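The structure under discussion appears below in the form of structure tokens.
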Amino acid sequence: MTILIEDKTALLPVLKYGGTERVIWGLGKELSKMGHKVYFLVKKGSSCDFAKVIEYNLEKNLEAQIPNDVDVVHLFNTVDKTAGKPRIYTTEGNPAPNLILDINTVFVSKNHAHRYGSDCFVYNGIDWSEYPKPNLNLNRSYVHFLAKASWKIKNLFGAIKIALKSGNKIQIMGGDRWTYANLKRGFKYLFSPKITFHGMVDNNKKMEIANKSKALLFPVKWHEPFGIAITESLYAGCAVFGSKNGSLDELIKPEIGFSSNNSEDLISAIKNFNYNPKRCHEHALKYYNSEIMAKEYLKLYTKVINGEDLNKERPKYIPERNIVPEFI
């Protein structure tokens, strides 16, 4: 099978930071290892040793940029009717209420799909060989936060409150330190000896910090579609404590963490949890790897090549399913 993977904003390989680039890199790599021919249609400056890279030209329509030998087109965060070839669309975010989604839209968790009336989803998988191997026997003396801290929906201050009330120091990754001082309530935390600000970190630094952490605190106030921070933290041997919003209740199994929209319940769980870094690490390897993801997408590619639709009807925003429960 010949597959074209498209993301007009992706610059490959971007393995230092994360997001969609990591997902499509791992997907393409696994497909190539399975014997499939892979094209990446991505941002100028990209390179790859296992797939052919085509520079995305914003002045041309999509169809004009697809090689003739392509069997299926896989679009990420893009809806383009000019694709011509059989195609699927993976949406990594929460599509706007008024956005018309394609019949072949794929979501990234069961909850993500359910909120748009679909049951078609594939979990994001990571090529863990691109990550430093964690030392699961290290002493773990703090908890951590990993997200874009300036986004209120990520609930940095909620994470800090939970960490301090549970008797833990917290290491914060994601955003410039002085950004916190400018946020409402942020200045009082800036010089606390129990809070360490790292700003934006590359992959090695992220894993170094997470490798000494007991847990990721992820009390998000929106419907998180998936949460790569969760799987990265699990890989490092960390438990996960978060809200029940979006995919979190689905991803955070009892043996690897706890989810609740009540901060006091989270505080109690952090104090009493049976931490097992090996179990968390193995969970990430088993369920959130790029090989499993690639195999699931291959099933969907085969369907659309055979003329089948991935959804019974166009997915659409369902208001009552997208209400975000209050975090207290």
Side-chain angles (χ1 to χ4, degrees), residues 1 3-10 19-20 22-24 26-27 30-31 62 71-126 153 220-231 242-253 259 287-325:
M1 189 182 297
I3 304 134
L4 182 137
I5 301 172
E6 176 273 352
D7 186 333
K8 64 173 64 73
T9 64
T20 307
R22 283 191 176 277
V23 173
I24 68 173
L27 173 60
E30 291 295 340
L31 292 170
L62 179 61
D71 297 306
V72 62
V73 176
H74 188 169
L75 305 166
F76 276 80
N77 302 311
T78 300
V79 176
D80 192 317
K81 304 302 182 184
T82 70
K85 304 276 187 174
R87 62 194 184 273
I88 72 171
Y89 303 88
T90 294
T91 177
E92 295 278 351
N94 288 320
N98 60 347
L99 190 64
I100 298 174
L101 301 177
D102 192 87
I103 194 74
N104 290 330
T105 297
V106 183
F107 298 87
V108 292
S109 67
K110 184 176 181 179
N111 172 274
H112 192 205
H114 174 74
R115 290 186 285 106
Y116 292 83
S118 170
D119 60 5
C120 184
F121 70 93
V122 175
Y123 285 139
N124 283 329
I126 298 293
I153 55 174
V220 296
K221 291 184 172 182
W222 79 316
H223 284 310
E224 191 80 36
F226 179 77
I228 289 176
I230 293 173
T231 57
S243 64
K244 286 186 171 291
N245 298 332
S247 65
L248 272 66
D249 192 42
E250 177 184 341
L251 300 183
I252 305 173
K253 306 298 184 185
S259 61
Y287 294 107
Y288 306 118
N289 67 74
S290 52
E291 181 181 1
I292 290 177
M293 174 180 63
K295 288 178 177 178
E296 290 301 310
Y297 274 124
L298 275 172
K299 295 176 187 177
L300 302 185
Y301 297 159
T302 300
K303 282 187 175 183
V304 297
I305 288 172
N306 291 334
E308 299 178 49
D309 293 333
L310 300 186
N311 293 285
K312 294 178 182 178
E313 56 186 34
R314 288 179 184 274
K316 61 182 180 180
Y317 181 90
I318 301 175
E320 60 270 25
R321 293 183 183 178
N322 281 277
I323 297 170
V324 181

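Note that the coordinates shown come from a computational prediction; the quantities given were computed from them, not determined experimentally.
For the atom pair CD1 (Ile5) and CG (Leu27), the distance works out to 4.0 Å, reported to the nearest 0.5 Å. With rounding to the nearest 0.5 Å, the separation of CD1 in Ile305 from CG in Leu300 is 11.0 Å. To the nearest 0.5 Å, the span separating CD on Glu6 from CG on Leu62 amounts to 6.0 Å. Between atom CD1 of residue Ile88 and atom CG of residue Asp102 there is a gap of 10.5 Å, rounded to the nearest 0.5 Å. Distance NE2/His114 to CZ/Phe107: 12.0 Å, rounded to 0.5 Å.
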Give the intermediate values and the outcome of side chain to side chain donor-acceptor pair (under 3.5 Å) for residues Glu92 and Asn124. CA-CA 9 Å; Glu92 295 278 351; Asn124 283 329; 2.9 Å; yes
Hey, mind stepping through Thr105 and Thr91 against side-chain contact (heavy atoms from CB on, under 4.5 Å) and telling me if it holds? CA-CA 7 Å; Thr105 297; Thr91 177; 3.9 Å; yes
Does Glu30 form a side-chain contact (heavy atoms from CB on, under 4.5 Å) with Asn289? I'd like the steps, not just the answer. CA-CA 10 Å; Glu30 291 295 340; Asn289 67 74; over 6 Å; no
Worked check of side-chain contact (heavy atoms from CB on, under 4.5 Å) between Lys303 and Asn104: CA-CA 10 Å; Lys303 282 187 175 183; Asn104 290 330; over 6 Å; no
Evaluation steps, ring pair (Phe, Tyr, Trp, His ring centres under 6.0 Å), between Tyr297 and His74: CA-CA 9 Å; Tyr297 274 124; His74 188 169; 4.5 Å; yes
Run the side-chain contact (heavy atoms from CB on, under 4.5 Å) test on Tyr287 and Thr231 for me, step by step, so that the C-alpha distance in whole Å, both residues' side-chain angles and the decisive distance to 0.1 Å come before the verdict. CA-CA 9 Å; Tyr287 294 107; Thr231 57; over 6 Å; no
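Closest heavy-atom contact between Val73 and Lys85: CG2-CB, 3.9 Å. The minimum heavy-atom distance between Arg115 and Pro225, with the atom names listed, is NH2-CA, 4.3 Å. Across Asp119 and Asn311, no two heavy atoms sit closer than the pair N-OD1, 4.3 Å. Residues Ser243 and Ser259 share a closest heavy-atom pair of O-CB, 3.6 Å. Pairing each heavy atom of Leu101 with each of Arg314, the nearest pair is O-NH1, 3.1 Å. Taking every heavy atom of both residues into account, Gly125 and Met293 meet most closely at N-SD, 3.2 Å.
For the pair Glu250 (side chain) and Lys110 (backbone), a donor-acceptor distance under 3.5 Å is present. At least one donor-acceptor pair under 3.5 Å links the side chain of His112 to the backbone N or O of Gly93. Looking only at distances, no side-chain donor or acceptor of Asp7 sits under 3.5 Å from a matching main-chain atom of Thr20.
Inter-residue side-chain proximity for Pro95 and Lys316 is flagged as unmet; no heavy-atom pair is nearer than 4.5 Å. In this structure, the side chains of Asp249 and Asn111 stay at 4.5 Å or more apart for every pair of heavy atoms. Annotation: side chain of Val106 is in contact with side chain of Leu310 (closest heavy-atom distance under 4.5 Å). Between Tyr288 and Leu251 the shortest side-chain heavy-atom distance falls below 4.5 Å. Between Tyr317 and Leu99, every side-chain heavy-atom pair lies at or beyond the 4.5 Å cut-off. Counting heavy atoms from C-beta outward, Thr90 and Ile24 have side chains that stay 4.5 Å or more apart. Side-chain contact between Leu31 and Met1: absent, with no pair of heavy atoms (C-beta onward) separated by less than 4.5 Å. Annotation: side chain of His223 is in contact with side chain of Val324 (closest heavy-atom distance under 4.5 Å).
Using the six-membered ring where Trp is involved, Phe226 and Tyr123 have ring planes that are tilted, between 30° and 60° apart.
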